[in-house]
Amino acid sequence: MKTLVIIPCYNEEDSIVNVIENLKKNKPDVDYLIVNDCSTDSTEKILKENNFNYINNPINLGIGGGVQAGYLYAKEFGYDIAVQMDGDGQHDPKYLSKIIQPIIDKEADMVIGSRFIEKEGFQSSFMRRFGINIISAFIFLLTGKKIKDTTSGFRACNRNLIEFFSKNYADDYPEPEAIISCIVNGFSVKEVAVIMEERQGGVSSIKSLKSAYYMIKVCISLIITRISSTKIKGGN
């Protein structure tokens with residue numbers, strides 16, 4: 001099946017070359033697209049010098065806008081599967097086949113690479129895991145579906161979700177919001193165990209997961225997503 005790896009990228013000059021080289025080494029049969037979200041370091045120069053496949057967003061859209069640009073590209077060029085993979089080196093492409101296979105077997109519409117199933121490799125900080133557990137409980141409360149690694153950006157989607165996400169994708173907290181949007185609109189979500197690494201450089205887009213303010217904003221955003229997703233489903 002024709003597969004595209006979407007790599008949102010903002011100020012990843014320290015890691016992006018290794019990410020692409022590792023991807024080509026471990027999964028040479030897939031295509032990739034780097035979405036450069038107006039990086040302010042030398043990322044664009046590196047992408048150009050290495051002749052990587054990339055596009056530049058005209059303005060900084062954030063992680064959600066960057067990923068949606070990738071879904072629009074996947075839809076335009078007829079991909080069957082789209083995989084999100086971070087540009088900071090946390091996601092190991094040797095697990096791509098494991099994430100993609102349930103899509104091929106039609107076991108799920110979205111497959112999330114989870115570091116919390118087997119609990120191996122880099123597990124993030126205690127406070128961040130605590131926050132992720134709160135988000136997980138909140139998603140279960142809103143949807144009845146238990147997802148352990150709610151903020152994992154390592155995930156695969158089938159063609160139906162490519163179409164859906166090209167039109168409907170969250171801006172503020174895209175990973176957990178996308179999960180709710182999927183479930184409410186009748187798409188199936190599955191987790192598979194992966195091992196993640198510490199980021200090779202750059203700064204995380206989740207800067208204050210330990211703060212109560214952040215958690216309140218996420219929870220409110222998830223409620224709004226739950227309500228608006230119901231309207232989307234009703235409209236379809």
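A quick note: this is a predicted structure, and the numbers were derived from the prediction, not measured.
Leu96 places a side-chain heavy atom less than 4.5 Å from the side chain of Val83. At least one side-chain heavy atom of Val192 sits less than 4.5 Å from a side-chain heavy atom of Ile99. A 4.5 Å side-chain heavy-atom check between Tyr32 and Ile6 finds every atom pair outside the cut-off. Counting only heavy atoms from C-beta outward, the side chains of Pro8 and Gln84 never approach each other to under 4.5 Å. Side chains of Met1 and Ile104 form a contact here, defined as non-hydrogen atoms less than 4.5 Å apart. At a threshold of 4.5 Å between non-hydrogen side-chain atoms, the residues Asp149 and Ile117 do not count as touching.
Other members of the cluster containing Leu61 are Ile59, with ILVMFWY side chains joined at under 4.5 Å, either directly or via other members.
Distance alone, capped at 3.5 Å, is enough to place a donor-acceptor pair between the Asp88 side chain and the Gln90 backbone. Within the 3.5 Å criterion, the main-chain N or O of Met85 finds no donor-acceptor partner in the side chain of His91. Listed for the Asp37 side chain is no donor-acceptor partner under 3.5 Å among the backbone atoms of Gly66. Between the Ser114 side chain and the Lys148 main chain, no donor and acceptor come within less than 3.5 Å of each other. A donor-acceptor pair under 3.5 Å is absent between the side-chain atoms of Asn36 and the main chain of Ile55, judged by distance alone. Judged by distance alone, with hydrogens and angles left aside, the side-chain atoms of Asp92 form no donor-acceptor pair with the main-chain N or O of Tyr95 at under 3.5 Å. Counting only distance, with no hydrogens or angles, the side chain of Ser188 and the backbone of Gly186 share no donor-acceptor pair below 3.5 Å. With hydrogens and angles ignored, the 3.5 Å screen pairs a side-chain donor or acceptor of Ser152 with a backbone N or O of Phe154. Looking only at distances, a side-chain donor or acceptor of Asn185 sits under 3.5 Å from a matching main-chain atom of Ser181. With hydrogens and angles ignored, the 3.5 Å screen pairs a side-chain donor or acceptor of Thr143 with a backbone N or O of Ile139.
Leu141 and Ile224 sit in two unconnected hydrophobic clusters of ILVMFWY residues. Membership requires side-chain heavy atoms under 4.5 Å apart, directly or through other members. Each of Leu72 and Tyr54 belongs to its own hydrophobic cluster when Ile, Leu, Val, Met, Phe, Trp and Tyr are linked at side-chain heavy-atom distances under 4.5 angstrom.
Closest of all the heavy-atom pairs between Cys157 and Met110 is SG-CE, 4.0 Å. In this structure, Gly87 and Val19 approach most closely via the heavy-atom pair O-CG2, 3.6 Å. The two residues Asn60 and Cys38 come nearest to each other via the heavy atoms N-SG, 3.4 Å. Of all heavy-atom pairs between Asp109 and Leu161, the closest is O-CD1, 3.4 Å. Pairing each heavy atom of Cys182 with each of Phe165, the nearest pair is SG-CZ, 3.4 Å. Taking each heavy atom of Met196 and Gly113 in turn, the nearest pair found is CE-O, 3.4 Å.
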Step-by-step side-chain contact (heavy atoms from CB on, under 4.5 Å) determination, Val67 to Tyr71:
CA-CA 6 Å; Val67 171; Tyr71 281 116; 3.3 Å; yes
Would Phe140 and Ile147 count as a side-chain contact (heavy atoms from CB on, under 4.5 Å) if you check the C-alpha gap in whole Å, the side-chain angles of each, and the deciding distance to 0.1 Å?
CA-CA 7 Å; Phe140 180 77; Ile147 302 294; over 6 Å; no
Can you check side-chain contact (heavy atoms from CB on, under 4.5 Å) on Thr3 and Asp80, steps first, answer last?
CA-CA 6 Å; Thr3 302; Asp80 301 297; over 6 Å; no
Could you check Glu177 against Leu222 for side-chain contact (heavy atoms from CB on, under 4.5 Å), going step by step and ending with a plain yes or no?
CA-CA 6 Å; Glu177 289 181 33; Leu222 292 179; 3.8 Å; yes
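Under a cutoff of 6.0 Å and an axis angle of 45°, Lys2 and Tyr79 form a cation-pi pair.
With rounding to the nearest 0.5 angstrom, the SG atom of Cys9 is 9.0 Å from the CD1 atom of Ile46. Atoms NZ and CG, on Lys25 and Asn18 in that order, are 11.0 Å from each other to the nearest 0.5 Å. The distance from the CD1 atom of Ile180 to the OG1 atom of Thr150 is 9.5 Å, given to the nearest 0.5 Å. The CD1 atom of Ile103 lies 9.5 Å from the CD atom of Glu107; values are rounded to the nearest 0.5 Å. Ile16 contributes atom CD1, which lies 10.5 Å from atom CD of Glu21 (distance to the nearest 0.5 angstrom). Here the straight-line distance linking atom NZ of Lys75 with atom CD of Gln68 works out to 10.5 Å at 0.5 Å rounding.
Arg159 and Glu163 are not joined by a salt bridge, as no carboxylate oxygen comes within less than 4.0 angstrom of a charged side-chain nitrogen.
Looking at Thr40 and Asn11, their side chains do bring a donor and an acceptor atom within 3.5 Å of each other. Residues Thr43 and Glu13 have side chains that never bring a donor and an acceptor to within less than 3.5 angstrom of each other.
Under the 30°/60° scheme for interplanar angles, the aromatic rings of Phe77 and Tyr73 are found to be tilted.
Within 6.0 Å of the NZ atom in Lys167, the count of heavy atoms belonging to other residues, nucleotides or ligands does not exceed 12. The environment of Asn51 atom CG is sparse: at most 12 non-hydrogen atoms of other residues, nucleotides or ligands sit within 6.0 angstrom.
Considering Asn53, Ile7, Asn50 as possible partners of Ile20, the one that fulfils the side chain to side chain contact (heavy atoms under 4.5 Å, CB included) test is Ile7.
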